[in-house]
A.B. asks: 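Here it is, the structure, as structure tokens.
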Number of protein chains: 2
Amino acid sequence: MDQLFKYFALFNPLSQEAENAISRISSMITSKKNEHLQFIGHTCKTIYFIKKGVARIYYYKDGIDITESFSFENNIIARVESLFTGNPSRKAIQILEDAEIVAINAGELFKLYDTFPEIERLFRKIFESAYVETVSRIEGIQFHSAEERYKALLCDAPNLLLKVPLKYIASYLGITQVSLSRIRAQR
Amino acid sequence: MDQLFKYFALFNPLSQEAENAISRISSMITSKKNEHLQFIGHTCKTIYFIKKGVARIYYYKDGIDITESFSFENNIIARVESLFTGNPSRKAIQILEDAEIVAINAGELFKLYDTFPEIERLFRKIFESAYVETVSRIEGIQFHSAEERYKALLCDAPNLLLKVPLKYIASYLGITQVSLSRIRAQR
DNA sequence: CTGATTATTTATCTTATGTTAATGGATTTG
DNA sequence: CAAATCCATTAACATAAGATAAATAATCAG
């Protein structure tokens with residue numbers, strides 16, 4: 001759990017009691033490549049922290065598997081469109097590289113908000129920063145070609161290539177794997 | 001201010017004291033078409049609530065005016081990428097239809113978070129829901145043509161057309177106004 | 001080791017959108 | 001009120017990004 005609390009401290013350091021409270025509603029999971037953490041149709045009731053490994057969120061668009069996002073070590077992953085609305089999610093979470101994960105029970109977490117304003121503040125800040133990232137991703141999608149986005153992605157996450165099949169990267173970029181191959185081929 | 005507190009109550013109803021505290025750090029503004037609420041390069045220190053009128057956030061991409069978002073009556077507008085980071089914003093806020101606006105001092109508001117957890121919770125929820133909207137907008141941009149996005153936009157905000165010049169809608173959709181005209185022409 | 005999955009290559013084709021330019025209507029402003 | 005500016009439409013043409021299909025090569029996993 002230490003690793004998790006170090007990550008939290010980047011946003012809002014917690015008191016010992018708050019950390020204990022979070023520990024109590026969390027569990028450690030190990031999961032192997034290609035396994036699912038969450039399935040399509042279920043309502044999201046867990047926030048995951050990736051200690052080690054890689055995961056993605058994906059969904060089906062017209063029967064085609066689309067990767068919405070990747071998450072690496074030392075990051076949170078959650079299907080916010082379900083977590084914050086209570087609606088069932090059309091999305092799934094899948095492990096792409098053997099992973100160690102902390103699973104935080106979201107229902108219990110939200111209850112902790114009442115007794116620990118510092119915890120509410122922590123997650124407010126975490127999701128504010130995720131929100132800001134998402135806003136700037138829109139700009140990237142709308143005004144850059146697939147090639148530019150691919151290069152930007154590599155800058156952002158250079159080890160992505162080592163860990164993730166290209167077909168997932170292609171769908172993340174919004175193109176076919178054939179197109180991605182072509183992009184990679186030029187030089 | 002009543003209208004604002006009704007809007008707030010949709011997310012998290014406030015106590016009388018909390019409402020008073022917010023009133024104290026807010027001011028009423030009226031602004032005419034084409035005026036600016038916020039300029040490029042300034043750090044965002046205000047959250048606006050639109051009681052009446054229309055506004056947009058825009059920025060320049062390669063010298064071209066791009067509309068990032070529109071906001072209508074009964075909605076919040078803020079440049080979150082600056083508000084949450086403290087960085088100067090590359091974006092501006094402009095009024096598109098004569099407006100009455102409540103301006104909330106963000107610095108003071110964030111201080112209120114310490115004394116009024118209910119206010120922190122309120123804004124947490126407001127921005128969580130904005131975040132969810134933004135996530136789904138990405139899907140719209142990546143997997144729908146400009147034509148589909150235009151139609152979806154009209155569904156979403158039917159009175160947009162009456163209030164906003166088409167050139168702004170075009171840049172919001174990521175296309176030129178010539179292309180938008182062509183899309184509108186077919187039937 | 002062998003079948004299954006994944007990646008690459010090539011070739012062809014589609015189509016959405018950009019660019020430029022001309023026009024007429026609307027709106028602002030001196 | 002007239003001139004000037006801005007806005008939306010239309011047309012003609014260009015183009016380039018990416019889809020699709022099919023065949024091959026490489027890699028992975030049981």
Side-chain angles (χ1 to χ4, degrees), chain A residues 31-36 53-54 56 58 60-67 70 94-99 138-154 159-187, chain B residues 31-36 54 56 58 60-67 70 94-98 138-154 159-187:
Chain A
S31 186
K32 298 229 172 253
K33 185 168 172 177
N34 291 328
E35 286 179 1
H36 279 78
V54 180
R56 68 172 184 133
Y58 74 94
Y60 289 97
K61 157 92 187 165
D62 302 331
I64 294 167
D65 172 324
I66 302 290
T67 297
F70 299 105
Q94 184 185 29
I95 297 302
L96 299 181
E97 185 189 69
D98 293 3
I138 286 189
E139 212 179 307
I141 292 175
Q142 202 157 27
F143 300 110
H144 296 101
S145 67
E147 179 175 353
E148 292 172 303
R149 281 179 275 140
Y150 174 69
K151 285 174 178 162
L153 181 63
L154 286 198
N159 52 351
L160 188 77
L161 278 185
L162 306 171
K163 309 193 166 198
V164 173
L166 289 179
K167 60 176 181 170
Y168 297 148
I169 297 178
S171 75
Y172 175 82
L173 295 171
I175 57 178
T176 62
Q177 65 228 55
V178 176
S179 292
L180 178 56
S181 258
R182 182 175 31 217
I183 287 169
R184 284 158 54 81
Q186 35 195 71
R187 174 166 354 272
Chain B
S31 185
K32 297 230 173 251
K33 185 169 172 175
N34 292 328
E35 287 180 0
H36 280 77
V54 180
R56 68 172 185 134
Y58 74 94
Y60 289 96
K61 158 92 187 163
D62 303 331
I64 294 167
D65 171 325
I66 303 290
T67 297
F70 300 105
Q94 184 186 30
I95 297 301
L96 298 181
E97 184 188 72
D98 294 3
I138 286 190
E139 211 179 307
I141 293 174
Q142 203 157 26
F143 300 110
H144 296 101
S145 67
E147 180 176 352
E148 291 172 304
R149 280 179 275 142
Y150 173 69
K151 285 175 179 162
L153 181 62
L154 286 199
N159 52 350
L160 188 76
L161 278 184
L162 305 172
K163 309 194 166 196
V164 173
L166 289 178
K167 59 177 182 170
Y168 296 148
I169 298 178
S171 74
Y172 175 82
L173 295 171
I175 57 178
T176 61
Q177 64 227 52
V178 177
S179 292
L180 179 56
S181 258
R182 182 169 33 213
I183 286 169
R184 285 160 52 83
Q186 36 195 71
R187 178 170 351 273

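Chain naming here is simple, since letters A, B, ... match the order of the sequence lines and numbering starts at 1 in each. Predicted model only: the values in this text are computed from it and were never measured.
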A.B. asks: Can you pull every protein N or O that's under 3.5 Å from an N or O on nucleotides 12-14 of chain C?
C.D. replies:
none

A.B. asks: Among residues at least two apart in sequence or on other chains, which ones pass side-chain hydrogen bond (donor to acceptor under 3.5 Å, both in side chains) with Lys151(A)?
C.D. replies: Glu147(A)

A.B. asks: Return a single string for nucleotides 22-30 of chain C, one symbol per nucleotide in 5' to 3' order, where B is base contact, S is sugar-phosphate-only contact and - is none, cutoff 4.0 angstrom on heavy atoms.
C.D. replies: ---------

A.B. asks: According to side chain to side chain contact (heavy atoms under 4.5 Å, CB included), who are the partners of His36(B), at least two apart in sequence or on a separate chain?
C.D. replies: Phe39(B), Tyr58(B), Ala92(B), Gln94(B)

A.B. asks: Please identify each residue that fulfils side-chain hydrogen bond (donor to acceptor under 3.5 Å, both in side chains) with Ser145(A), with sequence neighbours left out.
C.D. replies: Glu148(A)

A.B. asks: Does the side chain of Ser181(A) get closer than 4.0 angstrom to OP1 or OP2 of dT9(C) through an N or O atom?
C.D. replies: no

A.B. asks: How many Å lie between CD1 on Ile183(A) and C1' on dA7(C), as a whole number?
C.D. replies: 14 Å

A.B. asks: side-chain hydrogen bond (donor to acceptor under 3.5 Å, both in side chains) with Asp65(B): which residues, sequence neighbours excluded?
C.D. replies: Arg56(B)

A.B. asks: Nucleotide range of DNA chain D contacted by chain A, 5' to 3', under 4.0 Å to a heavy atom?
C.D. replies: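 Under 4.0 Å from chain A, the extent on DNA chain D is dG18(D) to dA29(D).
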
A.B. asks: With the threshold set at under 4.0 Å for non-hydrogen atoms, list the residues of residues 171-178 of chain B touching DNA chain C in residue-number order.
C.D. replies: Gly174(B), Ile175(B), Thr176(B), Val178(B)

A.B. asks: Over how many whole Å does the gap from Gln142(B) atom CD to dA16(C) atom P extend?
C.D. replies: 18 Å

A.B. asks: Listed by chain and number, what are the side-chain hydrogen bond (donor to acceptor under 3.5 Å, both in side chains) partners of Lys61(B), not counting sequence neighbours?
C.D. replies: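 Listed in chain order: His144(A).
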
A.B. asks: List in chain and number order the residues that pass side chain to side chain contact (heavy atoms under 4.5 Å, CB included) with Thr176(B), two or more places apart in sequence or in another chain; answer none if no residue qualifies.
C.D. replies: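 Val178(B), Ser179(B).
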
A.B. asks: Angle, rounded to 10°, between the helical axes spanning five pairs at each terminus of the helix from dC1(C)-dG30(D) to dG30(C)-dC1(D)?
C.D. replies: 60°

A.B. asks: Under 3.5 Å, side-chain donor or acceptor atoms of residues 161-168 of chain B against the rest of the protein: list the pairs with distances, not counting sequence neighbours.
C.D. replies:
unit_1: Lys163(B); atom_1: NZ; unit_2: Glu97(B); atom_2: OE1; d: 3.4

A.B. asks: Nearest-Å distance, CG (Leu180(B)) to C1' (dT17(C))?
C.D. replies: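 Result: 12 Å.
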
